[in-house]
2 protein chains.
Amino acid sequence: MARKTVGIRDVAAAAGVSVTTVSHILNDTPHARASDETRKKVRDAAAALGYGPNRMAQGLRTQRSAMIGLLSEDIATTPHAGMIIKGAEETARKHDYTLVIINTDKDADTRSKRRDVDALLERQVDGILYATMYHRAVSLPPRLFEVPAVLIDSTDRTGLVPCTIPDERGGARTAVTALLDAGHHRIGFVTNTDDVPATHGRLQGYRDAVQGAGITFDPGLVAAQESEAAGGYAAAKELLSREDRPTALFCYNDRMAMGAYRAAGELGLGIPEQLSVVGFDNQTLIAEGLFPGLTTVALPHYEMGAWAVQTLIRLIEGHDEEKLLADEATILSCPLIRRDSVAPPHASTPAGADAALTD
Amino acid sequence: MARKTVGIRDVAAAAGVSVTTVSHILNDTPHARASDETRKKVRDAAAALGYGPNRMAQGLRTQRSAMIGLLSEDIATTPHAGMIIKGAEETARKHDYTLVIINTDKDADTRSKRRDVDALLERQVDGILYATMYHRAVSLPPRLFEVPAVLIDSTDRTGLVPCTIPDERGGARTAVTALLDAGHHRIGFVTNTDDVPATHGRLQGYRDAVQGAGITFDPGLVAAQESEAAGGYAAAKELLSREDRPTALFCYNDRMAMGAYRAAGELGLGIPEQLSVVGFDNQTLIAEGLFPGLTTVALPHYEMGAWAVQTLIRLIEGHDEEKLLADEATILSCPLIRRDSVAPPHASTPAGADAALTD
DNA sequence: CTGAAAGCGCTAACAA
DNA sequence: TTGTTAGCGCTTTCAG
């Protein structure tokens, strides 16, 4: 447990040169010339001693900590957060930054959020990432602006900070299009009752796709309930009990889709033979656990984390003097993850399947 | 974006005292005496200027960064990891430490793990937490020992590092006991085929409970399959197709329980009327999404994160000179989360329920 | 009770 | 091409 205490001066002594030379060589300082021989000598000495720079000292001197603070709301409640962290961490690491994490409460008061930002600022982080647990508009703690910042999964009311959000609308369009392509015409939408951008965006996407296929939007085909399995069950039951029941269901999220599976089961509707289902969120626990596997749309959490760090670093390092970046939220696309819950309508006979495909 | 540059000297100037005094007062340095008047003056000045200490400078001087490094395997793959992070972060924060996170690959080679540790060491972290994504024995990167360390969810082959693991066996015992208490005698165990401590521990717990109730352990009541929903389905189907089918199923994890639900459904067995089920892991996405809600056992991820940080801090601050702590893994208990999947056997009639309870 | 000054490990003028 | 040295912001002896 002997604390590593080999410093630049030890390396210098071992290599028989000055600390300056060591610093120059180890940092590849531009314009600093050193003979190849010296370079090797220094590098070898450093390696032999197991030297690693003291980043605090470096930071103190250079006024750059190479740390990025991630302020994340309720890190634990969703598996999604993990992906954001992963995307952010891997990208940060690639650029030799380190991620420090602070968990903040979604419902924390302004004072406590302020303290969270202060804690990060005291650590001299070079920039701050602010991640919310689902897509929405937020107002930011004031001191956040003392340092470059980027928002993840939310938009900034003031429009000053770059942000990235998922393409809810496009994702929904993709999902419904997959159903359309399989030959479905009557597609129900099991949606939710929350007033959040995802709700509106996904409905829009549903309409886009359906109307794009020349089908008139039928409000009777959308049923809204709470965004849980129970809500999905209720909504699906409602939709599927209609006389002219839809042959496919697009569900607001995988949890609701889980409820829809149960409804289908009770009604004796086989998936995907008599009913196709597509979800949203790609919660693998659900999507892979359901039988048959649920075709769904993935949220780009990893990508958002990665994009945010990249953008933040650009801001920090000032490559882009023009910080026009904040103008518009950067929308990242939501790809379809195909599993086994989509088939042509009336797929009970193999022949029917072919027919529908060439419809 | 003007970087905060108010330092201790600014505060000193504003308060009309020396930097020493400011430092003493702001840090509540023991034995440092200052008049109440001076104290107030300094505090007010600091607040007015919005002063916050530069932790890097502090760290450089004191040789303590007040940062804890968390090396976590595959942070994203499981919602559990989020809970560990949350427990660790909240506890760290309470003690005025900050968490820095590095994601490492479960299957990364030794060199890359070594680099991960080095990165943390360069940051001068005061201690390192090493979290694996599921309970198992690991061998640790060598330089980890340069600093106090604690393991989460795994045990150390060398026995040098304190570690915390879930009480798999006790958790299983709790689960099965709940079934026993409801009046079940024939309890099937849907288990898995992985050779990990959780598999063995949960089986042991199952046996403990069953035999504790005076029932002979019947190997015919345990069916092992891969630990996925599909495996759970297969195993449950097998168990439930027997003539003297079990009236209750204890499942290795919630995913397998999800499969068991499907098997029960296909067999026309209502849960919990004709079949009680309890899972393990408390994956809320599944446990709450299933109908009826799945009674299951929770893994103490939050608690492990919290315990680990507490222990690490004690090590760092040397309150316990004796570091006997590593002798045994600290086993944290797994509480039962009751939902709606357990009822007395043959609970179809209300009367039967009462009878069974007083069995 | 308060202040002056040394120095943590490093980088970057500047000097040689 | 390499070396000397000031200082980043702070804590902490040691003197007043």
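Note that the structure is a prediction, hence the values are computed from the model and not measured. Per chain, numbering begins at 1; letters A, B, ... match sequence-line order.
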Side-chain touch B/Trp307/B/Cys163, heavy atoms, less than 4.5 angstrom: no
Any B/Asn27 side-chain N or O less than 4.0 Å from OP1/OP2 of D/dT11: yes
Atom-pair distance (CD on B/Glu122; P on C/dC8), nearest Å: 20 Å
Separation of C/dC8 C1' from B/Leu60 CG (nearest whole Å): 4 Å
Nucleotide of D/dG3, D/dC10, C/dT2 approaching A/Ser18 most closely (side-chain heavy atoms): D/dG3
Side chain to side chain, B/Ile165 and B/Ile331, heavy atoms closer than 4.5 Å: yes
Check: A/Thr29 side chain, C/dA12 base, donor-acceptor under 3.5 Å: no
Phosphate-side-chain proximity, B/Thr38 and C/dT2, N/O vs OP1/OP2 below 4.0 Å: yes
N/O (side chain, B/Gln63) to phosphate O (OP1/OP2, C/dC8) under 4.0 Å: no
C/dG3 OP1/OP2 closer than 4.0 Å to side-chain N/O of B/Thr21: yes
Given C/dG9, D/dT5, C/dA5, the nucleotide with the shortest approach to the side chain of A/Ala57: C/dG9
Nucleotide D/dT11, atom C1' - distance to CZ of B/Arg55 in whole Å: 14 Å
Distance in angstrom units between A/Ile8 CD1 and C/dA12 P, rounded: 11 Å
Side-chain touch B/Arg114/B/Asp109, heavy atoms, less than 4.5 angstrom: no
For atom CZ of A/Arg64 and atom C1' of D/dC8, their distance in whole Å: 15 Å
Comparing B/His24 and A/Val17 on DNA chain D - which has the more 5′ nearest nucleotide: A/Val17
Length of the CG-P vector between B/Leu26 and D/dG9, whole Å: 16 Å
B/Ser35 side chain near C/dT2 phosphate (N/O to OP1/OP2, under 4.0 Å): yes
Nucleotide of C/dG3, C/dC10, D/dG3 approaching B/Thr20 most closely (side-chain heavy atoms): C/dG3
Gap between atoms CD1 and C1', on A/Ile25 and C/dT11 respectively (whole Å): 15 Å
Per A/Thr62 side chain, nearest of listed nucleotides C/dA12, C/dA4, D/dC10: C/dA12
Side-chain N or O of B/Ser23 closer than 4.0 Å to phosphate OP1/OP2 of D/dT11: yes
Residues, nucleotides or ligands: over 12 heavy atoms within 6.0 Å of B/Lys40 NZ: no
Steps toward salt bridge (Lys or Arg N to Asp or Glu O under 4.0 Å) verdict (B/Glu73, B/Arg136): CA-CA 12 Å; B/Glu73 273 183 4; B/Arg136 72 171 197 280; 2.8 Å; yes
Rounded interatomic separation in angstrom, taking CZ from A/Arg61 and P from D/dC10: 16 Å
